[in-house]
Structure formats: structure tokens, C-alpha cells
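These notes concern the structure reproduced below.
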Amino acid sequence: MLRKGMEEMAVDERAVGILEVFGLTTAFLAADAGCKAADVTLENFDKNKPANADALPVPLLVTIKFRGSVADVEAAMEAGKAVAESTTGIVQSYIIPRPTEDCCKMLKLSAFDKS
């Protein structure tokens, strides 16, 4: 718990698995596999169209964000990576075992919310 003024605020200390893949379809398939493989929840997907998009296998990068215990996030990431590798591929992956409060705020942001 963190103290902010006189109020106590709960901090979500669940691990975060970040898996960036090529394309929205691959993101859905990888997220589905990860959620079926472990007791995790999903944060909002995020997207990025990099400057070199025309040189990529798919011109849209999508980030999947799994939340759960470290062991569950590891299992979800492995399942998601296996699916992504068999389709369009993985850009990057990383697990944050105990994210900070500020990091958790950033997980809620999504470029899909913008047109």
C-alpha cells in the first residue's frame, strides 16, 4: 500500500508481460493462447506504425499486455510467443515482475483509442 496524503491507495503488484507482435490478427491469436495457458488478464492492446512500416512483414505493431502472477505471466508469454512465432513474428517481449504505480498507469494507455 502507498500513502498519498491521508488516504491509502492499493497498488496492483501483479506481474506484467509485454509481447509486441506484427499485426492485429497475430495479437488476438497470441492473447487467446496466453489466456488459455495461464490465469492472466489482459490490459488494453496498443498499436504502433513505425516509420519503416513498409519494410516490415506487417505494417502494424501490436502490443499485448498480460497481468498475473510471475509464473502465470511467464506461461502466458510462452504460449503467446509460440503462436506469434508461427504466424507473423515477434518484435519484442519482456516481463516486469513487480511494476511501479507509474508503470501501471502507462499500461492503460492505448493508441487504439485514437482515430
Side-chain angles (χ1 to χ4, degrees):
M1 301 289 241
L2 291 180
R3 294 196 57 85
K4 188 171 187 175
M6 297 302 276
E7 302 173 14
E8 286 191 8
M9 296 177 59
V11 176
D12 187 350
E13 293 185 353
R14 294 177 298 155
V16 177
I18 302 167
L19 179 60
E20 188 174 38
V21 301
F22 293 106
L24 186 58
T25 300
T26 297
F28 275 105
L29 296 172
D32 181 61
C35 288
K36 288 176 178 172
D39 184 19
V40 292
T41 58
L42 293 173
E43 294 287 341
N44 296 334
F45 281 14
D46 202 359
K47 69 176 180 173
N48 181 25
K49 185 173 182 179
N52 67 336
D54 293 336
L56 300 175
V58 176
L60 180 69
L61 306 181
V62 180
T63 304
I64 305 158
K65 298 170 262 184
F66 296 107
R67 297 297 306 269
S69 70
V70 172
D72 283 328
V73 168
E74 287 172 343
M77 291 284 283
E78 287 306 312
K81 286 164 57 173
V83 168
E85 286 171 346
S86 72
T87 53
T88 58
I90 297 170
V91 179
Q92 186 64 260
S93 67
Y94 196 80
I95 295 174
I96 304 171
R98 198 170 142 215
T100 65
E101 182 180 6
D102 290 333
C103 180
C104 289
K105 288 178 188 175
M106 296 298 292
L107 291 172
K108 304 292 182 198
L109 299 178
S110 174
F112 278 111
D113 295 337
K114 299 176 177 122
S115 39

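- Linking ILVMFWY residues whenever their side-chain heavy atoms come closer than 4.5 Å, directly or via other members, places Phe28 and Ile90 in the same cluster.
- The environment of CG in Asp54 is sparse: at most 12 heavy-atom neighbours from other residues, nucleotides or ligands sit within 6.0 Å.
- Results of the side chain to side chain contact (heavy atoms under 4.5 Å, CB included) test with Asp46 over Met106, Lys65, Glu20 single out Lys65 as the only residue that passes.
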Pair Thr41-Arg14, side-chain contact (heavy atoms from CB on, under 4.5 Å): steps then yes or no:
CA-CA 10 Å; Thr41 58; Arg14 294 177 298 155; 3.0 Å; yes
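- Thr87 has its side chain out of reach of Thr25: every pair of non-hydrogen atoms, C-beta onward, lies at least 4.5 Å apart.
- The minimum heavy-atom distance between Val58 and Phe22, with the atom names listed, is O-CD2, 3.8 Å.
- Residues passing the salt bridge (Lys or Arg N to Asp or Glu O under 4.0 Å) test with Glu78, sequence neighbours excluded: Lys81.
- Cluster membership for Phe45 and Val21, using ILVMFWY side-chain heavy atoms within less than 4.5 angstrom, is shared.
- Side chains of Val62 and Thr26 form no contact here, defined as non-hydrogen atoms less than 4.5 Å apart.
- Residues Leu56 and Leu61 meet the side-chain proximity criterion, which asks for heavy atoms closer than 4.5 Å.
- The shortest side-chain heavy-atom distance between Leu42 and Cys35 falls under the 4.5 Å cut-off.
- Both Met77 and Ile64 are assigned to one and the same hydrophobic cluster, defined by single-linkage of ILVMFWY side chains at heavy-atom distances under 4.5 Å.
- Counting only distance, with no hydrogens or angles, the side chain of Arg67 and the backbone of Ala15 share a donor-acceptor pair below 3.5 Å.
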